[in-house]
Structures are given as structure tokens and as C-alpha cells.
Amino acid sequence: MAAGHSVQKCACKHMRMTARAVTQFYDRHFQPAGLPAAQFGLLADISAHPQISIGELAELALMDQTTVTRNVETLRKKGYVQVRPDEADSRKKSVSISPNGQAKLEQAMPLWEEAQAAIEREIGAERLKEFLEVLGRLQRIV
């Protein structure tokens with residue numbers, strides 16, 4: 001059997017393809033807010049976890065710390081987050097959402113809701129719920 005045929009059922013290949021397609025879909029929805037999907041996700045996580053450390057944010061987002069640091073720096077330059085030394089440990093950085101970041105998140109939230117609703121309409125609420133459960137299981141076991 002040729003190598004090309006053996007990878008047609010590869011979970012990794014299909015997950016990466018799907019992740020790119022879904023990210024592009026959300027990016028298109030977020031265009032009016034000027035906030036890419038990845039930045040929206042981090043901003044939402046930061047908003048939900050005030051004074052979160054870069055390490056905790058990386059763990060929460062299942063990203064490496066270097067990538068989170070780079071993305072947080074982009075958000076900081078846009079004025080959406082504030083980065084300060086952690087009060088408990090000055091070697092760590094603490095991230096919090098700024099008033100501008102909260103306003104940007106509020107601007108983007110209806111766009112996110114539109115994207116979510118479109119996906120739910122297409123595959124159905126129950127299938128979306130099951131899909132998210134499967135994704136959660138995969139995240140925990142791999």
C-alpha cells in the first residue's frame with residue numbers, strides 16, 4: 001500500500017486541516033472587529049482569569065509559553081492587555097485585560113456568536129456538543 005493511502009485516516013492530518021479551516025472561518029467573522037480568532041481566544045481567557053500568569057495562560061490554552069508570550073505581546077502593543085510582574089513572584093509576568101481590551105472583546109463577542117450559530121445550524125446542536133466532548137477527550141488523553 002502506498003504511503004499516501006495509509007495517512008487518509010490520520011487523525012492528526014485531519015485535525016490540522018480542520019483546525020485551519022475553522023480558524024479561517026472564525027477569522028472571516030472577526031474581520032469587522034480587527035481581531036483574529038487566536039487573539040480573541042486569548043483575550044477571552046485573560047478576561048475570564050484576571051491576573052493570570054503567562055505559564056497558566058499557556059497551560060489553559062494548550063500552547064507553549066513562547067507562543068503565548070509572543071501573542072500576549074501583540075495584545076499588549078494593541079493596548080488590549082496589561083503585563084506586570086506577578087505580585088507573588090516578580091520573576092513571573094501577570095496578564096490582565098485592559099479597558100480597551102474589554103471593549104474589543106465586547107465588540108467581537110456578537111461576531112463570535114454569529115460564527116458559533118452558523119456552525120451549530122450546519123451540524124446541529126447535539127452533534128456540536130458531541131464533537132466538543134470528543135475534542136475534550138482527545139485533549140486529555142494525548
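All residue numbers in this chain count up from 1 along the given sequence.
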| note | CG (L43) and OG (S98) are apart, to the nearest 0.5 Å, by 8.0 Å
| Any side-chain heavy-atom pair from K93 and S53 closer than 4.5 angstrom? | no
| field | Any donor-acceptor pair under 3.5 Å from R76 side chain to V72 backbone | value | no
| Strictly by modelled atom types, are S47 and Q102 linked by a side-chain donor-acceptor pair under 3.5 Å? | yes
| message | I want to check something: taking the side chain as every heavy atom from C-beta on, are P32 and Q107 in contact at a cut-off of under 4.5 Å? | response | no
| request: Using a cut-off of 6.0 Å, state whether more than 12 heavy atoms not belonging to E59 lie near its atom CD. | output: no
| field | Close side-chain approach of Q82 and V95, heavy atoms under 4.5 Å | value | no
| remark: Value for CD1 (I52) from CG (L42), rounded to nearest 0.5 Å, stands at 9.5 Å
| request: Enter the distance from Y26:OH to W112:CH2 here, rounded to the nearest 0.5 Å. | output: 7.0 Å
| 4.5 Å side-chain heavy-atom contact, E130 and E126 | yes
| Would a hydrophobic clustering, with Ile, Leu, Val, Met, Phe, Trp and Tyr connected at side-chain separations under 4.5 Å, put M17 with I123? | no
| task | Run the numbers on L57 and H49 for side chain to side chain contact (heavy atoms under 4.5 Å, CB included), then give the verdict. | result | CA-CA 9 Å; L57 187 56; H49 300 88; over 6 Å; no
| field | Rounded distance (nearest 0.5 Å) linking atom CE of M15 with atom CG of L138 | value | 5.5 Å
| Taking everything shown except K92 itself, do over 12 heavy atoms lie less than 6.0 Å from its NZ? | no
| query | Would a 4.5 Å heavy-atom cut-off, applied to side chains only, mark I119 and F25 as touching? | reply | yes
| said: One pair to check against side chain to side chain contact (heavy atoms under 4.5 Å, CB included): L105 and Y80. What are the steps and the verdict? | reply: CA-CA 9 Å; L105 190 57; Y80 299 155; over 6 Å; no
| request: Could you pull out the closest heavy-atom pair between V68 and A58, with the gap in Å? | output: CG2-CA, 3.6 Å
| Got a donor-acceptor contact below 3.5 angstrom from the H29 side chain to the A37 backbone? | no
| request: Kindly compute the distance separating OG1 (T67) from CG (L62), expressed to the nearest 0.5 Å. | output: 12.5 Å
| E122, CD: over 12 other non-hydrogen atoms inside 6.0 angstrom | no
| message | Return the CD to CD distance between E56 and Q51, rounded to the nearest 0.5 Å. | response | 10.5 Å
| request: Please assess K78 against K104 for the test side chain to side chain contact (heavy atoms under 4.5 Å, CB included), listing each intermediate value before the final yes or no. | output: CA-CA 10 Å; K78 290 181 175 183; K104 181 57 71 173; over 6 Å; no
| Closest heavy-atom pair and its distance - A108, F40 | CB-CD1, 3.8 Å
| note | Between I97 and I46, the two heavy atoms sitting closest are N-CG2, 3.5 Å
| message | Contact between R127 and E120 at the side-chain level, heavy atoms closer than 4.5 Å - yes or no? | response | no
| task | Name all residues meeting the salt bridge (charged side-chain N to carboxylate O under 4.0 Å, His left out) criterion together with E114; count only those two or more places apart in sequence or in a different chain, and write none if there are none. | result | none
